[in-house]
2 protein chains.
Amino acid sequence: MANDVIEPTVSSGGARERGINRVLQVLEFLHARGEGVKIGALAKELQAPRSSIYNLVSSLAGAGLLEINAADSRVFFGKTMYLYGLNYMRENPLAKRARLEVDRLAKETGETSEFCMLQSGRYTIIHMCPGSRPFRISSAVGLQIPIPWTASGRLLLAGHSPDQISQLIHPRDFFLPDGRQIAIDDFQVAIAQARDDGYCLTKGLIDAYTQCLAAPIYNADGQVDATICLVLPIDADEHRVWDLRGQLVETASRLST
Amino acid sequence: MANDVIEPTVSSGGARERGINRVLQVLEFLHARGEGVKIGALAKELQAPRSSIYNLVSSLAGAGLLEINAADSRVFFGKTMYLYGLNYMRENPLAKRARLEVDRLAKETGETSEFCMLQSGRYTIIHMCPGSRPFRISSAVGLQIPIPWTASGRLLLAGHSPDQISQLIHPRDFFLPDGRQIAIDDFQVAIAQARDDGYCLTKGLIDAYTQCLAAPIYNADGQVDATICLVLPIDADEHRVWDLRGQLVETASRLST
DNA sequence: ATTGACTGTCTCGTATATTGGACATATGTA
DNA sequence: TACATATGTCCAATATACGAGACAGTCAAT
């Protein structure tokens with residue numbers, strides 16, 4: 001009674017999933033894996049009955065949401081998933097508008113420009129338009145990056161309490177690619193700062209040669225729903241960065257509802 | 001007994017669907033509809049129990065595959081669907097290569113260029129790159145067009161028997177936008193012709209001002225898996241069309257396994 | 001104020017989707 | 001050749017997801 005522990009979501013052993021949750025498990029796993037997986041391996045990795053996965057995959061493959069490679073019988077996303085997914089970009093009011101603005105920004109500034117959101121607790125690039133520099137930043141649509149590594153991440157967490165933030169982010173994500181560690185306290189301060197400033201600039205975080213400039217897009221409730229950001233070379237002229245900041249914030253506020 | 005009718009797939013009333021099939025039903029419906037639908041309407045249109053649809057939608061929305069518009073609570077595809085779908089383009093060997101070739105063709109020829117496949121029995125534009133003409137053909141990725149209206153459609157049906165073809169295509173699809181009807185016999189002949197020629201050219205079918213040039217992509221079994229096609233103005237120089245035909249066929253055969 | 005239509009949430013009995021296991025083939029390796 | 005491991009398909013038993021309906025709340029029209 002003194003310690004009336006809440007059960008950690010699932011009682012014991014392996015989370016037993018059925019029905020639609022199995023479907024979601026499979027899709028999530030394939031997305032995380034990023035390449036085709038054999039059905040057997042899929043069942044093993046998900047700790048699910050082989051027969052269940054066979055049934056499930058053949059249903060999804062029948063609809064074209066998954067495809068089974070004829071050569072090596074690996075399972076991966078199919079063209080129906082692609083076509084369904086395009087509906088999001090075509091119809092979602094925010095995504096639709098943001099895409100146009102991002103493309104415009106990239107064209108006008110010559111810098112790589114991105115539209116980002118949280119997707120199932122992960123920082124995700126929804127749309128990106130490469131800049132015109134010969135050495136391009138390696139970034140891509142669909143890429144998921146640890147939240148603390150990014151300027152956009154700081155803004156996207158603005159509405160969350162420190163506790164939520166600590167829980168949301170895996171400790172390993174506080175280590176940058178080069179091994180440096182971001183102190184969690186500094187991070188919390190940076191988030192508050194970014195919220196108050198209405199933009200965020202991070203220098204040399206993911207790599208030493210770039211700085212990222214991000215601005216928040218608010219939804220009707222005043223929550224940060226998404227961000228747009230520019231990826232700039234670390235030695236960009238300070239006045240120009242300040243000017244770009246203005247453009248970015250202006251664009252973001254136009255995208256806010 | 002004289003009229004021992006085969007039961008129309010499901011005994012009585014409405015096709016009773018459960019589990020994963022319900023999921024597929026919902027997604028298919030939303031895709032066909034092309035815009036957000038209220039949950040209640042969704043249940044009504046699918047003739048499904050309201051409570052089932054509520055459960056299903058909230059599961060899918062929880063995963064981000066669907067999203068519920070906060071303002072008017074309409075349901076439509078979500079960003080997770082978009083991100084999952086991108087995996088298809090990123091990883092599918094054929095789609096990946098075809099996209100590059102289509103972009104190249106459009107750039108080199110200045111004409112609208114498309115990559116097409118059958119998706120659940122419907123002719124679908126998987127990727128498109130607009131040409132440089134001032135008056136663009138209105139075509140878009142994800143667009144589904146009645147098979148008989150297109151040059152690609154003729155090639156995609158190459159492997160099917162006349163019976164299969166008749167069954168696959170809805171009678172209404174033999175009527176062109178302007179009301180003209182395509183005779184089914186002529187259509188069958190055109191398919192055989194296209195198969196033998198290894199390409200297909202149709203003039204003024206969808207509209208009077210364009211002709212379409214398509215070439216088949218074969219899979220390992222020698223079946224037509226997909227096509228690439230060019231959309232040209234109806235008065236294009238004949239020699240140029242012949243030259244483009246060569247380029248197109250050559251590109252398609254490079255894409256064939 | 002009354003009516004009707006719709007939304008979102010919940011409960012409980014039961015039709016059925018899921019599953020463990022069996023089977024026949026295929027692939028690989030000592 | 002024999003042995004081990006994986007694939008794809010099928011089946012019967014049963015745990016459970018689904019569906020009918022109840023309920024409270026919202027909105028518009030009369």
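Each chain gets a letter, A, B and so on, in the order its sequence line appears, and its residues count up from 1. Quick caveat, the model's predicted, so the values are computed rather than measured. All values below come from the heavy atoms of this structure, side chains included, with hydrogens, waters and symmetry mates left out.
- Between A/Tyr199 and A/Leu248, every side-chain heavy-atom pair lies at or beyond the 4.5 Å cut-off.
- Side-chain contact between A/Leu157 and A/Gln164: absent, with no pair of heavy atoms (C-beta onward) separated by less than 4.5 Å.
- Between A/Gly19 and A/Ile39, it is A/Ile39 whose nearest contact on DNA chain D lies nearer the 5' terminus.
- We find that CG of B/Asp72 is positioned 16 Å from P of C/dC6, with the value rounded to whole Å.
- A/Thr80 contributes a side-chain N or O that, together with a main-chain N or O of A/Ala63, makes up a donor-acceptor pair within less than 3.5 Å.
- The 5' end of DNA chain C is approached more closely, in terms of each residue's nearest nucleotide, by B/Lys38 than by the other of B/Lys38 and B/Ile20.
- Within the 4.0 Å cut-off from OP1 or OP2 of C/dC6, not a single side-chain nitrogen or oxygen of B/Arg50 is found.
- The separation between A/Asn69 atom CG and D/dG8 atom C1' is 17 Å, rounded to whole Å.
- Look at A/Lys44 and you'll find a side-chain N or O under 4.0 angstrom from OP1 or OP2 of D/dA6.
- At whole-Å resolution of the value, CG in B/Leu42 and P in D/dG19 are 13 Å apart.
- Between C/dT18 and A/Arg18, no contact under 4.0 Å exists linking OP1 or OP2 to a side-chain N or O.
- If you run side chain to side chain contact (heavy atoms under 4.5 Å, CB included) between A/Phe115 and each of A/Val141, A/Ile125, A/Leu94, only A/Leu94 comes through.
- Contact check for B/Leu65 versus A/Leu27: side-chain heavy atoms found under the 4.5 Å cut-off.
- Proximity of residues 51-66 of chain A to DNA chain D (heavy atom under 4.0 angstrom from any strand atom) is restricted to A/Ser51, A/Tyr54.
- Once rounded to the nearest 0.5 Å, the distance linking CE of A/Met81 with CG of B/Asn92 reads 13.5 Å.
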